[in-house]
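Data block below; observations after.
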Amino acid sequence: MSKSGAKKIQAIRGMNDLLPSDSPRWQFFEAKVRTLMQRYGFDEIRMPIVEQTALFARSIGEVTDIVEKEMYTFEDRNGDSLTLRPEGTASCLRAAMEHGLLYNQTQRLWYQGPMFRHERPQKGRYRQFHQVGVEAYGFDGPDIDAEVILLSARLWQELGLSEHVTLELNSLGSLEARAAYRETLVAYFNEHRALLDEDSLRRLESNPLRILDSKNPDMAAMLDAAPQLLEHLDDESREHFEALKRMLEAAGVQYVINPRLVRGLDYYSRTVFEWTTTALGSQGTVCAGGRYDGLVEQLGGKPTPAVGFAMGIERLILLLDTLALVPSEALGGSDVYLLALDDSATTEALTLAERLRSELPELALTLHCGGGSFKSRMKKADKSSARIALLLGEDEVASGSVTVKFLRDDREQRQINQRELATILPELLTR
RNA sequence: GUGGAUGUAGCUCAGUGGUAGAGCCCCGGAUUGUGGCUCCGGUGGUCGUGGGUUCGAUCCCCAUCAUCCACCCCA
């Protein structure tokens, strides 16, 4: 509260602080992801948050909502148009191409970090949000499609989410087949123009496939009778899709074919998929991706097949939270709280803490700082997650010992020689 | 960009046209070196911001900002 009356500065709308009480679940999630990627042979890549605006315009599609109205775009001091990345696929591909990672070789990459889209925030949707992305380059068969889907399925399993998410699957066909289907569809919609709502009329120009996704009940019958994407696939895409389905079945992964699953970004072709949940309100997609075989060429590289997906970390954490799936032992905190009984032993407490940290590198020890009454020091020990409090008073200093008090178990406290602490403390903590 | 709801203590929320309260939290004490339970006391708010009506507004009116939810779109 300032007396000056100056306006409070707050965080930008839709950009959230991650508070100390939140970060343990993020770390829990991130640790799961990191080891999983390693187990599947995917290597981490890190890209800048800012790119040339043209990268996104050329990859995501000029007429998509993201590019048209959701990007944080600004001019650099030298007049270049720069953009805060709205997604990771384009950046990842740019980096891989720029450093020759696609030259005569395949790549399996993953990344994690903030993305930016200027949308109205709501539950599970923020202007700065975080994604984990997975991209595989140079594989054209359905095995890699299955592999990345299985990777995601295993993550749900490890997080305890399997029962709460559904895999939706579709194929968009080759870019040529998709373009042909698009014309058929536009012709159909034009025949039934009178039934289209305002949004759909707009999409008829921009992205007619998305009309299939409409939730408007008045259009349901007309949409049901519309030409089906899956019936207009080219033979190669059809075989690819059938093979993928067989592989998923062999691996025991359940899926639902959703012929209206289209994905919003222009670069997708063939396989597209989404993992959805009903537990998060209207932002039900927690992970989505697919194939984008044409994108490398579109960005000026040699034709290179590619497949990938991105998951929304906020949404997944929200889901873990609502389902109470973050184990309490993952919540971190200290093992031991070391306190001087009064100010006379402050220095001894400090040096003892340092000695223990040298002798027991695995130990999480919080040293009481800031004085206060003995009672308040004990209260802080209690508030901490520590199972053991180490007390250091005049008597202990005089005898070179420390009092060990158990804060969570019904055990007698005891006095231990400071020199024996490093060997005894780990035992006391495991029992 | 559109619609709806909500802004009172650090948090969760009551409340009234006569300048505010509870619970939790925090601090101190009951208990000179022993936390959690209990009891007592205390700190903390220009009632989102700006304007209007009024003798007087936290309350009524207008505007604005923010948050949440939904639409759109997306992870």
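Every chain is numbered from 1, with letters handed out A, B, ... down the list of sequences.
Closest approach to the Leu391(A) side chain among rA75(B), rU34(B), rG36(B) is made by rU34(B) (side chain taken as heavy atoms from C-beta onward). Of the candidate nucleotides rG35(B), rA75(B), rC73(B), rC73(B) has the atom lying nearest to any side-chain atom of Gln283(A).
As rounded to the nearest Å, rA5(B) and rU64(B) have P atoms that lie 16 Å from one another. For the P atom pair drawn from rG41(B) and rU58(B), the interatomic distance equals 30 Å after rounding to whole Å. Taking atom C1' on both rU43(B) and rG29(B), the two are 15 Å apart, rounded to the nearest angstrom. Distance noted for atom C1' between rC60(B) and rU16(B): 13 Å (whole Å). The gap from the P atom of rC55(B) to that of rA66(B) amounts to 35 Å, rounded to the nearest Å. As rounded to the nearest Å, rA63(B) and rU53(B) have C1' atoms that lie 15 Å from one another. Using atom C1' as the reference point in both rG17(B) and rG52(B), the two lie 15 Å apart (nearest Å). When the P atom is used for both rC27(B) and rG21(B), the distance is 24 Å, rounded to whole Å.
For Ser152(A) and Trp275(A), the side-chain atoms include at least one donor-acceptor pair closer than 3.5 Å. With 3.5 Å as the limit, one finds a donor-acceptor pair spanning the side chains of Glu168(A) and Thr276(A). Using a 3.5 Å distance cut-off with no hydrogens or angles, the side chains of Glu135(A) and Tyr111(A) do pair a donor with an acceptor. With no hydrogens or angles considered, a side-chain donor-acceptor pair links Thr83(A) and Thr73(A) at under 3.5 Å.
Stacking between Phe374(A) and the base of rG33(B) is absent under the criterion of ring centres within 5.5 Å and planes under 30 degrees.
Comparing Asp65(A) and Glu394(A) along RNA chain B, the residue whose closest nucleotide (by nearest heavy atom) sits nearer the 5' end is Glu394(A). Residue Met378(A) is the one, among Arg202(A) and Met378(A), whose nearest nucleotide of RNA chain B lies closer to the 5' end (criterion: closest heavy atom).
Residue Gly124(A) is classed as a base contact, given a heavy-atom separation below 4.0 Å to a base. If you check every strand for non-hydrogen atoms under 4.0 Å, Asp395(A) touches a base. When heavy atoms are screened at a 4.0 angstrom cut-off, Gln413(A) is found touching base atoms of the nucleic acid. Using a 4.0 Å heavy-atom criterion, one finds that Gly14(A) contacts the sugar-phosphate atoms exclusively. Ala381(A) comes within 4.0 angstrom of nothing in the nucleic acid, heavy atoms only.
The pair Asp65(A)-Arg210(A) does not meet the salt-bridge criterion, since no charged nitrogen lies less than 4.0 angstrom from a carboxylate oxygen. Taking 4.0 Å as the cut-off between side-chain N and carboxylate O, Arg94(A) and Glu51(A) count as a salt-bridged pair. Comment: Arg193(A) does not engage Glu191(A) in a salt bridge, judged by the lack of any side-chain N to carboxylate O separation of less than 4.0 angstrom.
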Original post:
Yes or no on salt bridge (charged side-chain N to carboxylate O under 4.0 Å, His left out) for Arg178(A) and Asp293(A), after CA distance, side-chain angles and deciding distance?
Top reply: CA-CA 13 Å; Arg178(A) 188 175 161 194; Asp293(A) 292 339; over 6 Å; no

Original post:
Going through the checks in order, is the salt bridge (charged side-chain N to carboxylate O under 4.0 Å, His left out) test met by Asp409(A) and Arg387(A)?
Top reply: CA-CA 8 Å; Asp409(A) 317 289; Arg387(A) 287 178 54 204; 3.7 Å; yes

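Side-chain contact between Met115(A) and Gln128(A): absent, with no pair of heavy atoms (C-beta onward) separated by less than 4.5 Å. Two residues are said to be in side-chain contact when any heavy atoms from C-beta on lie closer than 4.5 Å; Leu391(A) and Leu341(A) meet this criterion.
Leu318(A) has its CG atom 17 Å from the P atom of rA75(B), to the nearest Å. Taking atom CE of Met15(A) as the reference point, atom C1' of rA66(B) lies 15 Å away to the nearest angstrom. Here rC11(B) presents its C1' atom at 13 Å from NZ of Lys383(A), a figure rounded to the nearest Å. Atom CD of Glu314(A) and atom C1' of rA75(B) are 9 Å apart (whole Å). For the pair Glu119(A) CD and rU2(B) C1', the computed distance is 15 Å after rounding to whole Å. Atom CD of Glu70(A) is separated from atom P of rU2(B) by 15 Å (rounded to the nearest Å). Here the P atom of nucleotide rG48(B) and the CD atom of Gln10(A) are 14 Å apart, to the nearest Å. For the pair Gln122(A) CD and rA70(B) C1', the computed distance is 6 Å after rounding to whole Å.
Counting atom types as modelled, Arg125(A) pairs a side-chain N or O with a base atom of rC72(B) as donor and acceptor under 3.5 Å. Judged by atom type and distance alone, Asp382(A) reaches the base of rG35(B) through a side-chain donor-acceptor pair under 3.5 Å. A donor-acceptor contact under 3.5 Å is formed by the side chain of Glu396(A) with the base of rG33(B).
Scanning for side chain to side chain contact (heavy atoms under 4.5 Å, CB included) contacts around Ile12(A) gives Met15(A), with sequence neighbours left out.
The aromatic rings of Tyr292(A) and Tyr267(A) sit tilted relative to each other, their planes meeting at an angle between 30° and 60°. Between Tyr72(A) and His118(A), the ring planes lie tilted relative to each other; the angle falls in the 30° to 60° range.
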Could you list, one pair per line, each protein nitrogen or oxygen that sits under 3.5 Å from a nitrogen or oxygen of nucleotides 3-6 of chain B, together with the distance?
from, atom 1, to, atom 2, distance (Å)
rG3(B), O6, Arg120(A), NH2, 3.3

Protein-nucleic acid N or O pairs under 3.5 Å, nucleotides 27-31 of chain B:
from, atom 1, to, atom 2, distance (Å)
rC27(B), OP1, Lys380(A), NZ, 3.3

Polar-atom pairs under 3.5 Å, protein N or O versus N or O of nucleotides 40-42 of chain B: list them with distances, or write none.
none

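Screening residues 309-323 of chain A for side-chain hydrogen bond (donor to acceptor under 3.5 Å, both in side chains), with sequence neighbours left out, gives Arg25(A)-Asp321(A), His130(A)-Glu314(A), Gln283(A)-Arg315(A).
Here Arg210(A) reaches the OP1 or OP2 of rC74(B): one of its side-chain N or O atoms lies under 4.0 Å away.
Once rounded to the nearest 0.5 Å, the distance linking CE of Met37(A) with CZ of Phe42(A) reads 7.5 Å.
Remark: the backbone N or O of Ser401(A) is paired with a side-chain donor or acceptor of Gln418(A) at under 3.5 angstrom.
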Original post:
If pairs are Watson-Crick or G-U with both distances under 3.5 Å, what is the dot-bracket string of RNA chain B, marking crossing pairs with [ ] and pairs to another strand with |?
Top reply: (((((((..((((....[..)))).(((((.......))))).....(((((..]....))))))))))))....

